[in-house]
Amino acid sequence: MPDALRSRLVLSDYETDPITLAKRLIGCTLVRIIDGEELAGKIVETEAYVGVKDRASHAYGGRRTARNEAMYARAGTAYVYFTYGMHFCMNVVCGRVDEPVAVLLRALQPIRGIPVMQFRRGPRCRRQADLCNGPGKLCQALGIDRTLNRIDLTTSDHMWIEPDTPVPTTTARMVQDRRVGIASAGLWANRLLRWYSTESDCVSVLRKQR
DNA sequence: CCTGCGATCGTCT
DNA sequence: GACGATCGCAGGA
């Protein structure tokens with residue numbers, strides 16, 4: 001498709017609160033251009049990090065360091081960080097400048113560039129559904145690393161997000177659940193700030209039955 | 001299905 | 001010096 005006919009989310013789409021954006025992003029398409037090739041996946045799982053009061057957030061208590069500086073930038077900025085000595089995770093910054101709120105992308109359903117994703121993920125990853133079903137996995141599959149930290153998703157030629165068209169995914173087609181991997185966040189670990197599509201087999205962690 | 005563990009290193013205390 | 005918004009594998013039920 002010619003670039004001129006492709007739409008992407010714009011500043012006003014990102015200038016909202018993280019809960020609204022986390023739900024809005026479900027069904028949208030993350031596009032990554034790397035080595036002249038396009039990789040794309042449908043966003044099927046997100047988490048909201050809701051500001052300085054959120055104990056699970058890197059910006060808890062107003063912490064502001066070189067690592068999390070992107071969280072304080074303009075909405076539509078990518079916040080990519082390195083963790084556990086080997087993985088990257090990608091967030092989409094939202095809210096106002098100097099208000100550290102963001103949405104973590106946790107899983108994608110692969111759409112385009114699947115052979116490249118398989119190569120980047122390595123031979124140990126056999127199932128297509130496992131290519132991008134985790135925040136570290138999707139960054140590995142799409143080649144998202146610290147060079148993309150702080151890029152502007154509304155203007156970048158390397159990565160952007162396209163809207164969920166023609167009909168945005170509604171909350172009726174989403175599961176709302178606790179966030180993953182933040183057990184030490186006290187009461188904030190129980191907040192229902194994760195959303196995932198009921199219609200994808202590429203979600204990282206399913207809700208426990210009760 | 002589930003739980004536990006090691007890998008590996010940048011970041012912050 | 002400790003820990004982490006993770007992952008893949010091993011082992012047991």
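Just so we're on the same page: letters track the sequence lines, and every chain starts at 1.
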Is there a side-chain contact between [X] and [Y] (heavy atoms, below 4.5 Å)?
{"X": "A/Val101", "Y": "A/Leu21", "result": "no"}
{"X": "A/Trp160", "Y": "A/Thr154", "result": "no"}
{"X": "A/Leu9", "Y": "A/Leu153", "result": "no"}
{"X": "A/Tyr14", "Y": "A/Ile161", "result": "yes"}
{"X": "A/Val44", "Y": "A/Arg106", "result": "no"}
{"X": "A/Glu199", "Y": "A/Thr169", "result": "no"}

For A/Glu162, the salt bridge (Lys or Arg N to Asp or Glu O under 4.0 Å) test, sequence neighbours excluded, returns A/Arg6

_Applying salt bridge (Lys or Arg N to Asp or Glu O under 4.0 Å), can you list everything that pairs with A/Arg179, at least two apart in sequence or on another chain?_
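Partners of A/Arg179 by the salt bridge (Lys or Arg N to Asp or Glu O under 4.0 Å) criterion, ordered by chain and then number, come out as A/Asp54.
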
A/Val52 meets the side chain to side chain contact (heavy atoms under 4.5 Å, CB included) criterion, sequence neighbours left out, with A/Pro100

Considering every strand and a 4.0 Å limit on heavy-atom distances, what is the contact class for [X]: base, sugar-phosphate, or nothing?
{"X": "A/Arg124", "value": "sugar-phosphate"}
{"X": "A/Arg55", "value": "nothing"}
{"X": "A/Tyr84", "value": "base"}
{"X": "A/Gly136", "value": "sugar-phosphate"}
{"X": "A/Ser184", "value": "sugar-phosphate"}

May I have the list of side-chain donor-acceptor pairs in residues 127-137 of chain A shorter than 3.5 Å, sequence neighbours left out?
from	atom 1	to	atom 2	distance (Å)
A/Arg127	NH1	A/Asp130	OD1	3.2
A/Arg127	NH1	A/Asp130	OD2	3.2
A/Asp130	OD1	A/Asn133	ND2	3.1
A/Asn133	OD1	A/Lys137	NZ	2.8

In [range], which ones come under 4.0 Å of DNA chain C, going by heavy atoms?
{"range": "residues 101-119 of chain A", "answer": "A/Leu104, A/Arg106"}
{"range": "residues 64-77 of chain A", "answer": "A/Met71"}
{"range": "residues 18-30 of chain A", "answer": "none"}

Outermost contacting nts on DNA chain B, any atom under 4.0 Å from chain A heavy atoms, listed 5' then 3', are B/dA7 to B/dC12

Name of the residue among A/Arg194, A/Arg207, A/Arg191 meeting salt bridge (Lys or Arg N to Asp or Glu O under 4.0 Å) with A/Asp177
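Only one of A/Arg194, A/Arg207, A/Arg191 forms a salt bridge (Lys or Arg N to Asp or Glu O under 4.0 Å) with A/Asp177, namely A/Arg194.
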
Counting only heavy atoms not in A/Arg63 (residues, nucleotides, ligands), do more than 12 fall under 6.0 Å from its CZ? yes

Using a cut-off of 6.0 Å, state whether more than 12 heavy atoms not belonging to A/Leu206 lie near its atom CG. yes

The residue among A/Arg32, A/Arg120, A/Met90, A/His87 that forms side chain to side chain contact (heavy atoms under 4.5 Å, CB included) with A/Cys139 is A/Met90

Below 4.0 Å from chain A heavy atoms, what is the first contacting nucleotide of DNA chain C and what is the last?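 Answer, 5' to 3': C/dG4 to C/dC9.
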
Identify all side-chain donor-acceptor contacts of residues 110-118 of chain A below 3.5 Å with residues at least two apart in sequence or on another chain.
from	atom 1	to	atom 2	distance (Å)
A/Arg112	NE	A/Glu38	OE2	2.7
A/Arg112	NH2	A/Glu38	OE2	2.8

**Pairing stems for DNA chain C [at least three consecutive pairs; Watson-Crick or G-U; under 3.5 angstrom]** =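 So the stems come out as B:1-7 with C:6-12, B:9-12 with C:1-4.
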
Q) For A/Phe82, is the NZ or CZ atom of A/Arg146 found under 6.0 angstrom from the centre of its six-membered ring and inside 45 degrees of the ring axis? A)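 Yes, A/Arg146 lies over the aromatic ring of A/Phe82.
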
Handout entry: Atom pair SG (A/Cys94) and CG (A/Asp13), whose distance is rounded to the nearest 0.5 Å
Key =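 Here the interatomic distance stands at 12.0 Å.
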
Apart from A/Ile19 itself, its cluster of hydrophobic side chains linked below 4.5 Å comprises A/Ile26, A/Val50, A/Met174, A/Trp188, A/Leu193, A/Trp195

